[in-house]
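Values below: all heavy atoms of this structure, side chains included; hydrogens, waters and symmetry mates excluded.
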Amino acid sequence: MNQPLAGFAPAPVTARMENHGNHMLKVALQTGNDLLARVGSMVAYEGFIQYEPNPPAVRQIARDWATGEGAPLMKCSGDGLLYLADYGADVVVINLNGDGISVNATNLLAFDAHLSWGVERVKGLAKFAGQGLWNTRISGQGWVALTSRGTPIVVDCGGGEDETYVDPDALVAWSPNLKVKGKRSFKAQSLIGRGSGEAYQMAFSGQGIVVVQPSEDSTDRLRVRG
């Protein structure tokens, strides 16, 4: 019985965070190197691992989540291997090397607890649609895991004058140093996205990347917020 299943066994640990297949994250936990992860994402673990929902570090910025762009988090600590998943979504692992990333909260799976993070308003969009768009910005030296509804594409904006346009409901993450602005397109309203009325896009320019999933979020991220 074991032989046909051998190909699905966990591989030796090679990094703090890594994929096990396309849809699962494996995290090597060590005492003193805690992890913040989406509540409910744990599917298995081995070793001695403890979980603390809504830890103090999360409660301090919970007020910013009144915008609807927050994600409930738990602190994972201890020694062992932790496996996380989010309803079969693809998992993307990023090793931040002193830089940062701005993430749609619904696509945030886990990140090292020592990283700097917070919920912030995306500049350039407040006048575009109500109070604009809120994202979770993470920076420092450490690991971040994102989810994508399908295999994502990573677009390198390249620093040129041309802009990269993205349906906001398909947007996963981007480099926070990119310039962002909103665009309306009446002529393309029936061709872009799955909404009705005006077609809204986000335009990115500068040096950095944009991560886009092949599936739109079920909510309109540029709805007017009161």
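Taking both residues in full, the closest heavy atoms of Leu96 and Gly140 are given as CB-O, 3.4 Å, listed atom of the first, atom of the second, then distance. Nearest heavy-atom pair, Pro176 versus Ser102, reported as atom, atom and distance to 0.1 Å: CD-N, 4.0 Å. Residues Gly208 and Asp156 come closest through the heavy atom pair O-OD1, 3.4 Å.
Under the side chain to side chain donor-acceptor pair (under 3.5 Å) criterion, Tyr165 pairs with Glu163, not counting sequence neighbours. Among residues two or more places apart in sequence or in another chain, the side chain to side chain contact (heavy atoms under 4.5 Å, CB included) test is passed with Phe48 by Gln50. With sequence neighbours excluded, the residues satisfying side chain to side chain contact (heavy atoms under 4.5 Å, CB included) with Asn22 are Asp90. Residues satisfying the side chain to side chain donor-acceptor pair (under 3.5 Å) test with Ser116, not counting sequence neighbours, are none. Every residue two or more places apart in sequence or in another chain that forms a side chain to side chain donor-acceptor pair (under 3.5 Å) with Gln141 is listed here: Asn97. Residues meeting the side chain to side chain donor-acceptor pair (under 3.5 Å) test with Ser139, sequence neighbours left out: none.
Summarising the hydrophobic clusters (Ile, Leu, Val, Met, Phe, Trp, Tyr; side-chain heavy atoms under 4.5 Å, direct or chained), the residues clustered with Leu109 are Met17, Leu25, Val27, Leu29, Leu35, Val39, Met42, Tyr45, Ile49, Tyr51, Met74, Leu82, Leu84, Val91, Val93, Trp143. Under a 4.5 Å side-chain heavy-atom criterion applied to ILVMFWY residues, the cluster that includes Val43 comprises Val13, Met24, Leu81, Tyr83 as well.
Applying the salt bridge (Lys or Arg N to Asp or Glu O under 4.0 Å) test to every pair with at least one member in residues 91-103, sequence neighbours left out, gives no pairs at all. The list of salt bridge (Lys or Arg N to Asp or Glu O under 4.0 Å) pairs with a residue in residues 104-116, not counting sequence neighbours, reads Arg16-Asp112. Listed by first then second residue, pairs satisfying ring pair (Phe, Tyr, Trp, His ring centres under 6.0 Å) with a partner in residues 84-112 read Phe111-Trp117, not counting sequence neighbours. Residue pairs that meet the salt bridge (Lys or Arg N to Asp or Glu O under 4.0 Å) test with at least one member in residues 135-152, sequence neighbours left out, are Asp86-Arg149, Glu120-Arg137.
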Working note: Ile101 + Leu146, criterion side chain to side chain contact (heavy atoms under 4.5 Å, CB included); need CA distance, chi angles, decisive distance, verdict. CA-CA 11 Å; Ile101 191 165; Leu146 314 177; 4.2 Å; yes
Please evaluate residues Val155 and Phe204 with respect to the criterion side chain to side chain contact (heavy atoms under 4.5 Å, CB included), reporting the C-alpha separation (whole Å), side-chain torsions for both, the decisive distance (0.1 Å), and the verdict. CA-CA 10 Å; Val155 180; Phe204 296 89; over 6 Å; no
Side chain to side chain contact (heavy atoms under 4.5 Å, CB included) between Val211 and Val154, intermediate numbers included: CA-CA 5 Å; Val211 183; Val154 179; 4.2 Å; yes
Hey, mind stepping through Gln213 and Thr147 against side chain to side chain contact (heavy atoms under 4.5 Å, CB included) and telling me if it holds? CA-CA 9 Å; Gln213 64 185 5; Thr147 60; over 6 Å; no
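When side chains are defined from C-beta on, Val166 does not count as touching Trp174, because their heavy atoms never get closer than 4.5 Å. Under the 4.5 Å side-chain criterion, counting only non-hydrogen atoms from C-beta, Val210 is in contact with Cys157.
Of the possible donor and acceptor atoms, none in the side chain of Asn104 sits under 3.5 Å from a partner among the backbone N and O of Ala173. In this structure, Asp34 contributes its side chain and Ser77 its backbone to no donor-acceptor pair below 3.5 Å.
With respect to Ile138, the side chain to side chain contact (heavy atoms under 4.5 Å, CB included) criterion is satisfied by exactly one of Leu108, Leu36, Ile94: Leu108.
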